[in-house]
Amino acid sequence: MTAYNDNATSNSDNQGSAQTSDRQESSNRESDNREPDNQATKVTVNNAPDANPATLWLIDDDAALRLVLADTFEDAGLTVISFTQAQAAWTRLNDILQQQESAAQLPDVILTDIRMPMMDGLSFSDWVHEHFPKLPIVIMTAHSDLTSAINSYQTGAFEYLPKPFDLDDAVVTIYKAINYQPNMLAAAAANSTAELTPKTITKNSSDTLPNMQVKPNTRPKLASKATLVSKTNKTSSPKIKVKPAISANDNPSGIIGQSQAMQTVFRAIGRLAHSPITVLITGESGTGKELVASALHQHSPRHQQPFIALNMAAIPHDLIESELFGHEKGAFTGATTTRQGRFEQADGGTLFLDEIGDMPYSTQTRLLRVLANGEFFRVGGQQPVKVNVRIIAATHQNLEELVKQGKFREDLFYRLNVIRLPLPPLRTRPEDIPALAHYFMQRAAEQMNSAEKQLHPTALHIMQAFEWRGNVRQLENVCLWLTVMATGDTVMVDDLPPELLENISSNLEEYQEQSQPSQAMTHNDQIRPHSHSSSWQQALAAWAEQSLQTGETDILQTATPEFERVLLTAALNHSGGKKIAAANLLGWGRNTLTRKLQQLDISSEEGQNNRY
């Protein structure tokens with residue numbers, strides 16, 4: 001069994017997780033197969049009562065999260081083998097690939113983090129997908145942006161879990177990953193390549209996981225990404241390039257969001273990008289429909305071909321057919337030359353038809369023919385023109401209602417509505433406004449060639465409470481307005497445009513008072529016990545000064561666990577031991593609270609009767 005190094009410097013995705021117990025965890029515990037609780041339901045091959053439980057490989061360099069996830073999946077009936085880094089798991093898979101270990105050691109599913117020392121999860125997933133294409137991988141990450149989602153699916157991941165995620169949802173996802181493969185035994189028998197047969201498992205299904213297959217000449221191909229075991233059985237570290245992180249402000253697509261609604265959009269884009277299937281994007285005006293369409297194209301195999309965007313509402317009805325399909329010379333007055341339409345210009349690429357609900361009824365018939373067989377006639381033409389174009393349509397209207405009113409063809413609606421991708425309005429995801437505002441303020445400063453202005457917390461709070469009927473486009477315009485019109489480096493409440501201040505109640509004066517910086521407060525004032533609420537600050541300051549005078553170091557590592565312990569205990573007492581309520585009081589997620597309970601070893605009465 002490979003020994004795993006728990007002392008590696010952490011570069012984990014898990015932001016804010018304490019690292020105090022990571023170095024104390026035994027490597028033997030990491031590599032042992034821990035049997036699930038006897039009371040837990042055992043997930044086995046075809047639900048056979050005497051079969052071994054299905055195996056999950058768990059890869060994460062955060063010890064606390066690893067412990068919580070391992071316990072959760074063991075309680076769900078799985079055998080869990082934990083790894084502190086992807087390279088250790090790669091070594092075991094490489095040994096199996098070289099037949100130095102039995103194929104029975106293969107897991108049924110792998111759950112891995114992205115950002116880890118030595119080898120990142122995306123490179124690991126890419127390697128596994130190349131050499132074990134039937135082995136499902138689920139990727140989890142705290143850096144849950146569009147790029148991470150798309151890269152995860154492009155490496156062959158079965159699913160993408162943005163942190164924080166619900167433990168029950170994670171269990172369901174792992175079950176799906178184990179059972180997603182159809183029964184392909186016939187296809188496997190017809191294949192003459194070598195086979196590695198892992199355990200197969202189903203849950204409420206009779207289908208079996210297909211055999212793992214290894215291509216006979218994989219060693220030369222693998223050497224380009226990772227150095228394999230040599231003839232002397234020496235294994236060198238895999239030479240896999242770690243993909244750089246992309247922050248929200250570096251997002252080339254401009255699609256930003258950490259909310260659950262946007263994570264659903266990111267996953268959909270990741271799944272649909274490599275498919276030629278027609279997509280219908282719905283959502284209010286200003287929600288970013290064209291950005292999503294562009295992202296689908298830029299991450300598709302057609303990304304080097306044209307992306308043509310056309311707004312149906314912006315073209316006169318009598319010119320739409322010529323605009324879409326082109327015209328022959330002399331087809332009508334003023335047609336002095338033959339002209340290609342948008343379909344021909346987009347041949348091999350993607351055609352984005354925005355506001356498809358405004359397309360004239362007569363043109364809908366011609367579009368239906370193109371969607372059916374890829375052929376059309378130019379206006380005045382006699383010969384059909386064949387094109388290979390992916391269609392992405394978008395609308396802010398209710399197409400079903402237009403169909404009922406006879407304004408939109410029902411057959412065209414079903415042709416377009418193959419995959420529907422709804423975009424959430426901005427008012428339903430206020431948690432995304434700070435990141436979006438920062439992005440737009442930064443971009444506006446670059447456009448104006450000026451310094452970026454910062455939003456005061458109170459001003460940002462007002463922006464989060466605003467309804468934003470114009471959605472992200474309206475927010476972008478407001479940020480541009482603030483960059484030009486606001487004075488000073490910090491945007492205060494008084495600097496906000498009038499429409500944001502109209503619905504503020506009589507508490508505006510209070511907001512303004514809170515937004516004014518204190519002019520007379522000094523450092524000594526900040527720690528003076530002027531009220532009971534600040535006495536803990538004085539005590540903390542005195543303790544810190546005394547600790548430093550006695551020569552202590554790492555005092556933050558000493559104070560932080562105790563600080564969290566006090567707050568966690570108080571929240572549990574206040575909530576009557578209910579974990580979800582306590583997590584809400586602390587501003588944590590339920591999973592974070594569970595990790596902290598175990599990490600801080602809170603097992604007194606306040607934690608014994610806790611319930612969700």
Side-chain angles (χ1 to χ4, degrees), residues 11-15 56-62 65 69 83 85-87 89-90 93 107 109-166 169-178 180-181 225 238 240-248 250-253 255-275 279 292 295-301 303 419 421:
N11 187 27
S12 174
D13 271 343
N14 306 286
Q15 298 171 332
L56 163 72
W57 282 12
L58 174 61
I59 309 172
D60 199 308
D61 62 342
D62 186 310
L65 178 60
L69 290 175
F83 299 86
Q85 49 189 260
Q87 188 180 25
W90 175 88
L93 288 176
V109 62
I110 297 176
L111 176 63
T112 180
D113 198 9
I114 288 184
R115 297 190 180 185
M116 294 174 288
M118 305 181 69
M119 177 189 288
D120 67 277
L122 294 178
S123 298
F124 174 75
S125 175
D126 192 31
W127 182 87
V128 171
H129 183 65
E130 180 180 355
H131 297 92
F132 299 90
K134 299 298 188 287
L135 177 57
I137 295 184
V138 177
I139 290 180
M140 54 182 174
T141 179
H143 301 271
S144 47
D145 54 14
L146 176 60
T147 302
S148 297
I150 291 176
N151 288 343
S152 297
Y153 289 114
Q154 286 181 344
T155 62
F158 170 79
E159 188 55 281
Y160 163 83
L161 289 177
K163 298 176 185 177
F165 50 79
D166 187 83
D169 292 341
V171 171
V172 171
T173 299
I174 294 300
Y175 280 162
K176 289 180 180 179
I178 292 172
Y180 87 105
Q181 292 283 5
K225 290 189 177 180
I240 295 184
K241 184 177 181 180
V242 178
K243 294 177 173 59
I246 297 181
S247 65
D250 295 328
N251 191 341
S253 67
I255 307 176
I256 297 171
Q258 295 290 323
S259 63
Q260 189 60 43
M262 289 307 297
Q263 296 308 314
T264 301
V265 173
F266 292 165
R267 286 197 294 271
I269 294 175
R271 289 184 177 276
L272 293 171
H274 274 247
S275 170
V279 179
V292 172
L296 286 170
H297 172 76
Q298 293 299 327
H299 294 91
S300 73
H303 67 276
I419 297 291
L421 180 53

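This structure is a prediction, so every number in the text was calculated from the model and none was measured. Along the sequence shown, residues carry numbers from 1. All values below come from the heavy atoms of this structure, side chains included, with hydrogens, waters and symmetry mates left out.
- For the pair Ser300 and Ala273, the tightest heavy-atom approach, listed with the atom from each and the gap, is CB-O, 2.9 Å.
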side-chain contact (heavy atoms from CB on, under 4.5 Å) for Thr112 and Met140? Distances and angles first, verdict last. CA-CA 6 Å; Thr112 180; Met140 54 182 174; over 6 Å; no

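- Side-chain N or O atoms of His299 include one that pairs as donor or acceptor with a backbone N or O of Ala295 at under 3.5 Å.
- At a threshold of 4.5 Å between non-hydrogen side-chain atoms, the residues Ile139 and Ser125 count as touching.
- Residues Phe266 and Gly257 share a closest heavy-atom pair of CE1-O, 3.2 Å.
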Verify side-chain contact (heavy atoms from CB on, under 4.5 Å) between Gln85 and Asp61, making sure each step is shown before the conclusion. CA-CA 6 Å; Gln85 49 189 260; Asp61 62 342; 5.6 Å; no

Report the C-alpha separation of Asp60 and Arg115 in whole Å, then their side-chain angles, then the decisive distance to 0.1 Å, and conclude whether the salt bridge (Lys or Arg N to Asp or Glu O under 4.0 Å) test is met. CA-CA 9 Å; Asp60 199 308; Arg115 297 190 180 185; over 6 Å; no

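- Between the side chain of Thr155 and the main chain of Ser152, a donor-acceptor pair closer than 3.5 Å is present.
- In summary, the side chains of Asp120 and Ser123 do present a donor paired with an acceptor at a separation below 3.5 Å, with no hydrogens or angles considered.
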Do Leu93 and Ile110 pass the side-chain contact (heavy atoms from CB on, under 4.5 Å) test, and can you show the C-alpha distance, the side-chain angles, and the key distance before you say yes or no? CA-CA 11 Å; Leu93 288 176; Ile110 297 176; 4.3 Å; yes

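- Here the closest heavy-atom approach between residue Gln258 and residue Gln263 is recorded as CA-NE2, 3.6 Å.
- Below 30°, between 30° and 60°, or above 60°: for Trp127 and Phe124 the angle between ring planes is below 30°, a parallel geometry.
- A 4.5 Å side-chain heavy-atom check between Pro107 and Leu135 finds at least one atom pair inside the cut-off.
- Within the 4.5 Å cutoff, the side chain of Met262 has heavy atoms near those of the Ile255 side chain.
- Between the side chain of Thr264 and the main chain of Gln260, a donor-acceptor pair closer than 3.5 Å is present.
- The side-chain heavy atoms of Ile150 and His274, taken from C-beta on, include no pair separated by under 4.5 Å.
- The heavy-atom pair separating Leu421 from Val265 by the smallest distance is CD1-CA, 4.5 Å.
- Summarising the geometry, atom CG belonging to Leu122 is positioned 4.0 Å from atom CD1 belonging to Ile114; distances are rounded to the nearest 0.5 Å.
- A donor-acceptor contact shorter than 3.5 Å is absent between the side chain of Gln87 and the backbone of Pro117.
- Scored by the side chain to side chain contact (heavy atoms under 4.5 Å, CB included) test, Ala170 finds Phe73, Leu161, Phe165 as partners (sequence neighbours excluded).
- When side chains are defined from C-beta on, Gln154 does not count as touching His129, because their heavy atoms never get closer than 4.5 Å.
- The nearest pair of heavy atoms linking Pro136 to Ala177 is CG-O, 3.3 Å.
- Across all their heavy atoms, Ala89 and Trp57 have their closest contact at O-CZ3, 3.7 Å.
- The side-chain heavy atoms of Asp113 and Ile59, taken from C-beta on, include no pair separated by under 4.5 Å.
- Atom OH of residue Tyr160 and atom CZ of residue Arg267 lie 8.0 Å apart, to the nearest 0.5 angstrom.
- The structure places CZ of Phe83 at 12.5 Å from CG of Leu111, a figure rounded to the nearest 0.5 Å.
- For the atom pair CE (Met118) and CH2 (Trp90), the distance works out to 10.5 Å, reported to the nearest 0.5 Å.
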